[in-house]
Amino acid sequence: MFQRKNIPLLATFGVLVVLLVVASVLYRNFLTPLNFANILRNYAFLGVIAVGMTFVILSGGIDLSVGTVMGFSTILLARLISVQGVPALPAICVVLAVGCAFGAGLGLVIHTYRLPPFLVTLSGMFLAKGISFVILPSAQKIDSSWFAELASFKLKVFGNAPLTVTTMIFFAVVSIGIAIAHFTRFGRNVYALGGAESSAVLMGLPVGRTKIAVYAISGCCAALGGIMWAMNSTSGNPAIGLGTELDAIACVVIGGTLLTGGVGYVVGTLAGVLVFGTIATVIRFQGLESSDARIALGILLLAFITMQRIVVQGAARGSRMAT
Amino acid sequence: MGNSSRKPSLFLHSSVLWPALGMALLLLFNLIYDPDFFRIGMRDGRLYGDIVSILLQASKLIPVVVGMTLVIATGGVDLSVGSVMAVAGTLAAMLVASASMPVAAAILIAVLVVMLIGSVSGVLVAYVRVQPIVATLIFMVLGRGMAMRLTKGMGVPIENEAFLFLGGGYVLGIPFAVILVFAFAAAVAVFLHKTAAGLLISAVGDNASASRLCGIRQARLKIGIYAFSGVCAGIAGLIAAARVQSAEPARMGELLELDAIFAVVVGGTALTGGRFSLAGSLIGAILIQTLVWTMQKLGVPSDVTPVPKALVILLVCLLQSPRFRAQLTAPFRRNPVMKAPA
Amino acid sequence: MIMKTIPSTPLILKRAGLGLLALCAAVLTGCGGGGGEGAGLTVGFAQAGAESAWRRAETASIKDEAGKRGVNLRFSDAQGKQENQIAAVRDFIAQGVDAIILAPIVETGWDDVLGEAKDAGIPVVLVDRGVDVGDDSIYATLIASDFVAEGKMAGEWLFKKSGGKARIIELEGTPGAAPAIDRKKGFDDVIGQHAGMEIIASQSGDFNIEKGKEVMEALLAKHAGEVTVVYAHNDDMALGAIQALEAAGKKPGEEVIVISIDGGKAALTALVEGKMNCVVECLPLLGPNAFDAVETIRAGGTLPKWQKVDDQLFDADNTDAAFAENRPY
């Protein structure tokens with residue numbers, strides 16, 4: 001039973017290994033510590049957002065607002081620090097709080113009025129995008145030496161591979177996510193809610209509180225993703241973010257979490273982000289034209305998802321035959 | 001037998017009430033703020049005016065919305081529509097321009113190609129059991145790449161008169177594109193109303209396992225619906241290309257999937273599948289186009305226009321929530337429960 | 001306990017899956033891995049995207065020039081996302097290229113990654129847009145037009161042409177994009193100095209023809225009676241606006257002056273046909289200059305921080321059909 005539940009997860013990790021092996025055969029300098037460290041820091045912000053998204057999807061919902069909330073967070077941070085002159089650390093706290101409150105607000109509306117999450121968070125997406133431009137109409141550099149130092153801090157591992165603060169945050173968030181999902185009552189409630197909301201209600205679980213908390217976590221992760229994006233570029237930009245929600249959803253689904261809720265793992269999302277990042281890096285190494293890059297990404301995603309489903313379904317049939 | 005109760009209604013249905021109310025409010029606002037809004041004139045034998053322009057602008061959204069309504073009714077969603085538009089528009093324009101193919105043949109080929117793309121999405125959803133949002137996301141990326149690949153990203157100018165008629169022609173003073181898309185929507189509505197198709201779609205979306213037990217071949221139905229959504233997007237792509245006399249593979253239909261989903265959900269179709277309303281979706285499509293038009297005329301800065309969009313979507317959705325309506329009307333209602341003697 | 005039954009996958013799908021895998025492998029291997037055996041230099045080019053004819057012309061120019069000079073070019077298209085472009089520059093550093101050509105999506109956000117390039121001893125040549133960095137030694141040179149000056153040129157041409165009287169509709173680029181902000185600034189500054197000229201409406205047409213036409217239709221519904229000038233931040237929006245003007249029964253080029261920036265073939269053709277009045281050029285053919293710069297740096301020479309691209313202004317007086325026809329993009 002335990003093994004069968006893990007099949008999607010194992011399939012993802014298995015295909016990730018195949019992908020890395022194929023890529024390292026095709027490209028010199030691919031499977032180096034430096035390149036691997038680069039994949040991690042390039043996609044750390046996406047990974048953090050995807051972890052938040054995992055909780056939402058596990059609870060049976062979806063959060064389309066995360067991309068623009070990320071963009072909104074970068075520009076809010078830039079404005080607080082560079083225009084308002086707020087020191088970096090309090091500014092980061094404010095941005096996290098705002099992201100968290102925004103998510104909680106969406107969760108509150110979803111729960112109170114029994115509205116589809118897709119819809120409410122779609123509206124959140126537009127809202128965050130519009131407000132971003134009110135905060136500042138164009139990209140803004142973050143003028144804080146402390147922030148810049150934090151952003152460029154690198155721990156050298158395996159020779160010259162840089163372990164950045166963003167990478168460390170990503171690993172920390174994944175660890176905390178795993179702990180919350182599997183070792184707390186809240187985590188069990190999220191799974192129960194995604195499995196069947198009506199049963200969760202009957203079992204007397206705090207459905208409303210759990211739902212709101214899940215969207216708050218997602219909003220908070222989106223804000224943290226925004227802060228990490230800002231660290232990556234020491235700037236904020238109101239025009240970015242749209243589309244990142246789809247990347248995050250893709251990572252979660254690649255990681256084996258079902259959009260129907262109740263089934264999946266946070267560690268799967270880690271694998272999903274690595275797969276996504278590796279595919280994108282392979283495409284960059286290949287130096288494809290814009291059109292071919294899209295075609296390659298589409299085909300690789302298609303191949304990956306199809307294989308994953310075939311493995312899972314084959315295993316399901318195998319176990320049925322065995323019983 | 002009471003078969004009328006479950007049939008999706010073409011006419012006034014409770015689910016159409018709220019988007020219609022939203023539309024009425026928006027029109028009322030325009031009536032007060034901008035009386036010219038309702039003026040319709042005739043120039044060179046062609047009708048013109050704000051309403052005509054809005055309908056013309058909505059003519060690329062309406063077919064997409066028709067397909068999206070059915071997809072959402074089966075419990076899915078189609079994110080690939082914008083890219084599929086670009087594939088159809090670019091392919092048809094290219095066939096006409098460089099292969100000097102007759103327009104009808106070019107259109108037929110383009111529509112067949114996008115139908116194929118749609119049915120592959122459908123196969124992924126129905127047989128491979130990929131979640132719709134992911135299956136169609138793949139074709140959103142892939143389709144855009146294919147459209148750009150066709151022409152190395154270049155725009156294709158359209159000079160063929162027959163092709164241009166799709167977007168710029170007039171019949172009896174009315175834009176041909178508007179007649180075409182409304183006739184298309186009406187034909188689909190009548191088909192769904194007269195045959196069992198509408199019922200089956202609702203049944204699949206409502207409760208997939210129950211409908212499977214009832215013997216509905218839901219996999220084939222789903223493939224058909226995604227293929228149909230592809231065709232709808234293809235028609236939209238042809239109209240959009242003809243409208244600007246050029247097919248732009250990199251930009252055509254960009255982010256249109258969001259507007260289409262917006263229109264469908266505002267129109268009262270449940271995202272969970274099952275209940276759907278084509279009429280509501282059409283109102284939703286016209287509502288969003290009117291909203292954009294009104295904001296442009298008002299001079300709302302372009303970068304903040306997503307905010308009113310967000311508020312409208314939230315408001316119309318809240319109005320559909322019984323609980324919100326109850327809260328809204330509570331202060332004006334005598335509540336017998338509250339006044340019950342202690 | 002009832003076990004959830006998942007329908008089995010038909011065999012054909014398995015085959016399809018395997019076929020897809022084979023296809024992927026073919027796509028990747030067929031195009032050949034990144035070799036480094038070329039005799040010449042290895043240069044990485046981090047392009048912003050491929051969303052417009054202008055950008056595609058720029059890419060083609062750099063690729064062609066690399067081919068001519070025997071340079072081994074590593075190309076990367078960021079699909080309009082800065083994070084992708086930063087990642088691409090990091091890839092180039094990891095691959096140890098000899099030089100990097102970067103067409104930044106935005107001006108901000110390059111301190112860290114360009115600093116890494118400098119630490120690795122890889123010179124960076126910026127094309128078409130500058131960067132806003134604290135330490136300008138982290139890039140070698142910038143080869144670009146001046147977007148503000150382009151807007152100014154358009155404004156000054158209009159002042160002369162209209163005799164200081166104009167009611168202008170401005171079609172802006174994508175909100176937040178540097179060319180949109182700068183072309184607006186340059187133009188609006190000039191207009192602001194003359195009391196007789198006024199911008200009566202300014203909306204984004206998102207740099208594309210479809211949106212440009214739709215916005216123009218809406219603005220014409222309100223301002224058809226008074227508008228005398230349309231100023232668009234790029235060719236595509238101007239072409240859309242021309243269609244909207246014609247549909248509204250206005251003669252573009254005669255009753256309404258149309259001004260655009262970029263100067264692609266389609267816009268110049270419209271200029272020759274008399275539907276457009278002024279096109280300010282923004283030259284995308286930066287390949288020769290970029291590789292000249294790379295070679296100069298490799299030879300130990302120094303370059304000015306900003307090599308301004310000499311943009312021209314085209315109007316009916318200096319443009320004929322042959323010129324428009326021979327425009328390469």
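Note: hydrogens, waters and symmetry copies are ignored here, and every other heavy atom, side chains too, is used. Every chain is numbered from 1 and lettered A, B, ... according to where its sequence line falls, protein lines coming before strand lines.
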Closest non-hydrogen atoms of A:Phe126 and B:Ala310, given as atom of the first, atom of the second and distance, are CB-CB, 3.6 Å
Check whether any side-chain heavy atom of A:Leu242 sits under 4.5 Å from a side-chain heavy atom of B:Leu255, and report yes or no. yes
Contacting region of A:Leu258 [heavy-atom separation from chain B under 4.5 Å]: both
Pairs of heavy atoms under 4.5 Å with chain A: top-ranked of B:Leu124, B:Leu311, B:Leu318, B:Val77: B:Leu318
Would you name the heavy atoms of A:Ala250 and B:Leu137 that are closest together and state the gap between them? CB-CD2, 4.1 Å
Chain A contact via B:Val312 - which portion, at a heavy-atom distance below 4.5 Å: neither
I need the B:Leu258 CG to A:Leu64 CG distance, nearest 0.5 Å. 8.0 Å
More than 12 heavy atoms of other residues, nucleotides or ligands under 6.0 Å from CE of B:Met115: yes or no? no
Looking only at heavy atoms, which two atoms of B:Pro306 and A:Gly130 are closest? And how far apart? CB-N, 3.8 Å
A:Leu122 portion near chain B, given a 4.5 angstrom heavy-atom threshold: side chain
The interface call for B:Ile138 against chain A, heavy-atom contacts under 4.5 Å, is both
Starting at CD1 of B:Ile313, measure out to CG of A:Leu115 and round the result to the nearest 0.5 Å. 10.5 Å
Largest heavy-atom contact set with chain B, pairs under 4.5 Å, which of A:Leu297, A:Leu259, A:Ile131: A:Leu259
For B:Val120, side-chain contact (heavy atoms from CB on, under 4.5 Å) partners two or more places apart: B:Phe139
Interchain contact, A:Ile249 with chain B, by part (heavy-atom threshold 4.5 Å): side chain
Between chain B and chain A, which N/O donor-acceptor pairs sit under 3.5 Å?
from: B:Val128; atom 1: O; to: A:Arg309; atom 2: NE; distance (Å): 3.2
from: B:Val128; atom 1: O; to: A:Gln313; atom 2: NE2; distance (Å): 3.2
from: B:Arg129; atom 1: O; to: A:Arg309; atom 2: NE; distance (Å): 3.4
from: B:Arg149; atom 1: NE; to: A:Asp292; atom 2: OD1; distance (Å): 2.6
from: B:Ser321; atom 1: OG; to: A:Tyr113; atom 2: O; distance (Å): 3.1
from: B:Arg323; atom 1: NH1; to: A:Thr112; atom 2: O; distance (Å): 3.2
from: B:Gln327; atom 1: OE1; to: A:Tyr113; atom 2: OH; distance (Å): 2.7

So, applying side chain to side chain contact (heavy atoms under 4.5 Å, CB included) with A:Phe118, which one of B:Ile261, B:Val265, B:Ile72 is it? B:Ile261
